Trainee: 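Dropping the structure in here first, questions after.
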Amino acid sequence: MSIAAHLPALQVVVPLLAAPLVVLLRHGGVAFAVVTAAAWAAFATAIGLWLQLGQLDAGGVISYHIGSWPPPWGIEYRVDRLTSFVLLLVSGMAAVVLPYSRVSVLREIPRELHYLYYSMFALCLTGLLGITITGDAFNIFVFLEISSLSSYVLIALGRDRRALTAAFQYLIMGSIGATFIVIGIGFLYLLTGTLNLADMAIRLREVESYRPVLVALAFLTVGISLKLALFPLHQWLPNAYTYAPSAVTAFLAATATKVSVYVLIRFYYTVFGESLVFQKLPLPQIMLWLSLMAMFGASFVAIFKNNLKRLFAYSSVGQIGYITLGLSFDSVNGLTASIVHLFNHGIAKGAIFLLIGGIVASMTTRDAVPPAPTFDRLAGLAKRMPLTCFGIVLAGLSLIGVPGTAGFVTKWYLILAAMERGQWWLVGAIVLSSLLAVAYVWRFVEVAYFHAAPAGSQKNEAPLSMLIPAWLLVIATLWFGLDTSFTVGTAMDAAQELVKIGR
Amino acid sequence: MLEHFSYIVTVFLMVAGLFIIMAHGNLIRKMIGLSIFQTSVYLLYIAPGKLIGGTAPIIAPEYGIYSNPLPHVLILTAIVVGVATLALGLALAVRIREAYGSIEEDEILARDNAIEDAEEMRA
């Protein structure tokens, strides 16, 4: 038996084992080493799976039977293009954020809690990877809860006491969402008698009673929308992102909501089928309007926020609007835009939150509550932290969608999809909403570059161990804005596969 | 009416749980509501798994009707998840009480808003 055949299992098992190991070791430095090694191993595994998939024909799937029980009886891990793409994003972000964590966590989390931070991080990573790779409906719920429970703890680790209330609020909303998802899965299970997603899809086509399918669809849509913070179910997100430790915000912003979008796509296309979701129901219209409200409403609110973390948290809600907008088109181009934006927004927002973490770290003295990165504290920041500020501006350009950045690629495909359907007013709306992003990014530029720095301030750049991971992501946003063969190529393949299955 | 008894109870618990979460500002009561809501799902899975006169799925000539054991297994997992959620929620409530001296949502919000207003004034 070679390791290559067991990559799908290792993808989840390695970070899962790292978590309890770290708790037993009870040492911050060792915990850092173990979990970082596990995250890198997970990233290597994801690359390995990507390469294995590349050797198969188009539409090929890697199917792994846990415990050698054949599906649909046993749990199946199923890797197709989309799965592999999301696995790369999640494990890649973990591999970048963890080395950054070392210094950031030293400044923001009490020393005796460090090993718990790394343990929870490993569990959260396990959950997110598990949701993505599994082909079993109930397994999705279990991994969802693993990642959610650990992310509540991670958020509550913030020094500000408001982190506790933010975590509690997220726990209530997140558990309601997860319970809605189990109810939906329960209905599907009662109807079909199977939990395997692929098998469920086949049996659902034969089901004649239409109403329970609709109930299941409704519960799943609401539950998953809560998890992915679709407007107006986003209330938990701004507080959670604002008060969580910086490294946690960066990781969750880049991965957690994206994995939820993946689950939504999986259920819509693979299980229910495109024709039910998009053609028999007014779901595309509902999703279109909610997306537009997110793009305009949340981005507009973002402009008036004084705390930089909160500003970009609202911007996340707006950017999720672009992802769901792509879904609502129900076309290959629209779906491509959604899938590409998962990735592009993930790396851009990850970069921004990592760089903000650098700002917070530079303002924090050891063992004090980190001050909030409000605009009055950022005046003239570009003199003190030139690299950090420049990085935020570049990643901000990607949020706006300036040509040459990754964000532009998404907007391009969204506009293509809108034009395909002849909805010219939507093209205008997409461009207009980008102007709101210009406004909130400009607020940062104005304060950091054009306001006078307080007298006596010196150059105080973030440490290299924080700058290098953040700049890796900034360079990635530029790289994937110019060379789209990986992102768009994969997303296009995945979208075509999904639409073909969904029909 | 009677044949749908278990479903009626399930839906009642579901709605009652959700209502408690929304109607009460006390964090402990919210956790109670959440627990009731999650418990209703256990019933949703378990009840249809039982066939009257059915036995455990062991192949033997004298038995023809089997109950499905899989829902029980699934719900065992869901119960564990529910316990973990409850424990974490209560632990957070304890920490919130230490930090704010209250577990009433409106009082906590009032205290935070006072701080935020002060921050806005500085800005």
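As the structure is a computational prediction, the values presented were derived from the model and not from experiment. First the proteins, then the strands, lettered A, B, ... as listed; each starts at 1.
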Trainee: At a heavy-atom distance under 4.5 Å, which candidate from A:F180, A:F187, A:F375 has the highest pair count against chain B?
Mentor: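 Of the candidates given, the most pairs with chain B belong to A:F180.
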
Trainee: Counting only heavy atoms closer than 4.5 Å, note whether B:L44 contacts chain A via side chain, backbone, both or neither.
Mentor: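 Both parts, heavy atoms under 4.5 Å.
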
Trainee: Under a 4.5 Å heavy-atom cut-off, does chain B meet the side chain of A:I185, its backbone, both or neither?
Mentor: both

Trainee: Between B:L74 and chain A, with a heavy-atom cut-off of 4.5 Å, which part of the residue counts as in contact: side chain, backbone, both or neither?
Mentor: both

Trainee: Under 4.5 Å heavy-atom distance to chain B, tell me which part of A:V142 shows up: side chain, backbone, both or neither.
Mentor: side chain

Trainee: Could you grab the distance from atom CD1 of A:I75 to atom CG of A:L195, nearest 0.5 Å is fine?
Mentor: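 These two atoms lie 9.0 Å from each other.
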
Trainee: What option among B:T77, B:L18, B:L27 has the most heavy-atom pairs under 4.5 Å with chain A?
Mentor: B:L27

Trainee: What distance separates A:M120 CE from A:S151 OG, expressed to the nearest 0.5 Å?
Mentor: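 It is 10.5 Å, given to the nearest 0.5 Å.
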
Trainee: To the closest 0.5 Å, what do you measure between OG1 (A:T242) and CD1 (A:I155)?
Mentor: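 Separation between the atoms: 10.0 Å.
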
Trainee: State the OG1-CD1 distance between A:T221 and A:I181, to the nearest 0.5 angstrom.
Mentor: 10.0 Å

Trainee: Against chain A, work out which of B:V80, B:I108, B:T85, B:I21 has the most heavy-atom pairs shorter than 4.5 Å and name it.
Mentor: B:T85

Trainee: Check each atom of A:I176 against the heavy atoms of chain B and say whether the ones under 4.5 Å are side chain, backbone, both or neither.
Mentor: both

Trainee: Heavy-atom cut-off 4.5 Å, strictly under: side chain, backbone, both or neither for B:L34 against chain A?
Mentor: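 For B:L34, side-chain heavy atoms alone lie under 4.5 Å from chain A.
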
Trainee: Given that the side chain runs from C-beta out, which part of A:I146 has a heavy atom under 4.5 Å from chain B: side chain, backbone, both or neither?
Mentor: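 Contact with chain B: none, neither part.
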
Trainee: If we count only N and O atoms by modelled type, under 3.5 Å, do the side chains of A:R162 and B:Y100 hold a donor and an acceptor together?
Mentor: no

Trainee: Does the plane of the ring in A:Y189 sit parallel, tilted or perpendicular to the ring in B:Y45? Use 30° and 60° as the thresholds.
Mentor: parallel

Trainee: Closest approach of A:A198 and A:N196, non-hydrogen atoms and distance?
Mentor: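 Scanning both residues, the minimum pair turns out to be N-OD1, 3.0 Å.
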
Trainee: Checking B:L109 against chain A: side chain, backbone, both or neither under 4.5 Å from a heavy atom?
Mentor: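 Neither part; nothing is under 4.5 Å.
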
Trainee: Among side-chain atoms of A:T374 and A:D376, is any donor-acceptor pair under 3.5 angstrom?
Mentor: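 Checked: A:T374/A:D376 side chains pair up, N/O donor to acceptor below 3.5 Å.
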
